[in-house]
Trainee: 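Here you go, one structure.
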Amino acid sequence: MFLNAKFWEQKYQSNKTGWDLGEVSPPIKEYIDQLTNKNLKILIPGGGNSYEAEYLFQKGFQNVFVVDVSRTALENFKNRVPNFPSSNLLNNDFFELKQDFDLIIEQTFFCAIDPILRPKYTAKIYEILRPKGKLVGLLFSVPLNEDHPPFGGSKEEYQSYFIPKFKVISFQECYNSFQSRQGMELFINLKKKN
């Protein structure tokens, strides 16, 4: 599909970011609020403006990384959060990452990639998570677009990708979604199987 770095760069440069909530998503905020280990190495893939990374950083998490193919998105973030370490803003393709992480936070990336890449996404998440690492976040649980992001899907489809490689802690309809997304999201908390 056409979802390359140029496509996303144009979206951010023209400010056509309708998926952007402008704040940390309530379910992810609630999850972050119960984390106590500030040393966790955390990744937000396809992070874009990444309010989640900003919130984590404000809460004292120092090992937070954002990866995005759009340089403009990362520059927007750095302008908004100037104290965030530049070395933790990775202008790269998620699928080419070589680092490993304790926690990966999923917020709009899975639904933004071409759906044929979902098995590859799952394999990459598994590869870069440390033992007992977790994937936590939100997935759209409704059919959406077929020819452009965001792409939706169903709980059953998603479970077919994740259950072979992850232990399910939570995989349920989200009760505290952002108002415009109520009834459309699944909250996932998945632990890497060793």
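Predicted model only: the values in this text are computed from it and were never measured.
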Trainee: What are the two closest non-hydrogen atoms of L56 and I105, and how far apart are they?
Mentor: CD1-CD1, 3.8 Å

Trainee: Any chain of hydrophobic side-chain contacts (each under 4.5 Å) joining Y175 to F187?
Mentor: no

Trainee: Do you know which two heavy atoms are closest between I163 and V168, and how far apart they sit?
Mentor: CG1-CG2, 4.0 Å

Trainee: Which value, rounded to the nearest 0.5 Å, describes the distance between E157 atom CD and S141 atom OG?
Mentor: 11.5 Å

Trainee: If we only count heavy atoms from C-beta on, is the D100 to K41 side-chain gap below 4.5 Å?
Mentor: yes

Trainee: To check you understand the geometry: which heavy-atom pair defines the closest contact between D68 and G46, and what is its length?
Mentor: OD2-C, 3.3 Å

Trainee: Rounded at 0.5 Å granularity, tell me how far CZ in F140 sits from CD in E185.
Mentor: 5.5 Å

Trainee: Checking K165 side chain against Y126 main chain: does a donor-acceptor pair fall under 3.5 Å?
Mentor: no

Trainee: Anything under 30° is parallel, anything over 60° is perpendicular, the rest tilted; go ahead and classify F109 against Y121.
Mentor: tilted

Trainee: Would you call K78 and E75 a salt bridge, using N to O less than 4.0 angstrom?
Mentor: no

Trainee: If you count heavy atoms of other groups shown closer than 6.0 angstrom to NZ of K132, is the number above 12?
Mentor: no

Trainee: When F77 is tested against each of F84, F57, Y51 for ring-ring contact (aromatic ring centres under 6.0 Å, His included), which residue passes?
Mentor: F84

Trainee: Of the non-hydrogen atoms in I116 and P119, which two are nearest, and what is the gap between them?
Mentor: O-CD, 3.6 Å

Trainee: Given E106, which partner from the list L139, I44, L138 fulfils the side chain to side chain contact (heavy atoms under 4.5 Å, CB included) test?
Mentor: L139

Trainee: Does any donor atom in the side chain of Y55 or D33 lie under 3.5 Å from an acceptor atom in the other side chain?
Mentor: yes

Trainee: Test side-chain contact (heavy atoms from CB on, under 4.5 Å) on L35 and F61 and set out the steps.
Mentor: CA-CA 10 Å; L35 292 175; F61 292 86; 3.7 Å; yes

Trainee: Measure the acute angle between the ring planes of F110 and F162, then classify it against the limits of 30° and 60° as parallel, tilted or perpendicular.
Mentor: tilted

Trainee: Scan I188, L40, I169 and name whichever one has a side chain to side chain contact (heavy atoms under 4.5 Å, CB included) with K134.
Mentor: I169

Trainee: To the nearest 0.5 Å, what is the distance between OG1 on T122 and CG on L190?
Mentor: 9.5 Å

Trainee: How long is the span from the OG atom in S25 to the CD1 atom in I32, to the nearest 0.5 Å?
Mentor: 9.5 Å

Trainee: Please round to the nearest 0.5 Å and tell me the distance separating atom CZ of R130 and atom CG of N194.
Mentor: 13.5 Å

Trainee: So do the side chains of F95 and I113 get within less than 4.5 Å of each other, counting heavy atoms only?
Mentor: yes

Trainee: P45 and I104: which non-hydrogen atoms are nearest, and at how many Å?
Mentor: CD-CG2, 3.7 Å

Trainee: Just checking K38: does its NZ atom have more than 12 heavy atoms from other residues, nucleotides or ligands closer to it than 6.0 angstrom?
Mentor: yes

Trainee: Students often mix this up, so state it plainly: with edges at 30° and 60°, are the rings of F101 and F65 parallel, tilted or perpendicular?
Mentor: perpendicular

Trainee: Rounded to the nearest 0.5 Å, how far does NZ of K124 lie from CG of L117?
Mentor: 13.0 Å

Trainee: Taking C-beta and beyond as the side chain, do L43 and L97 meet within less than 4.5 Å on heavy atoms?
Mentor: yes

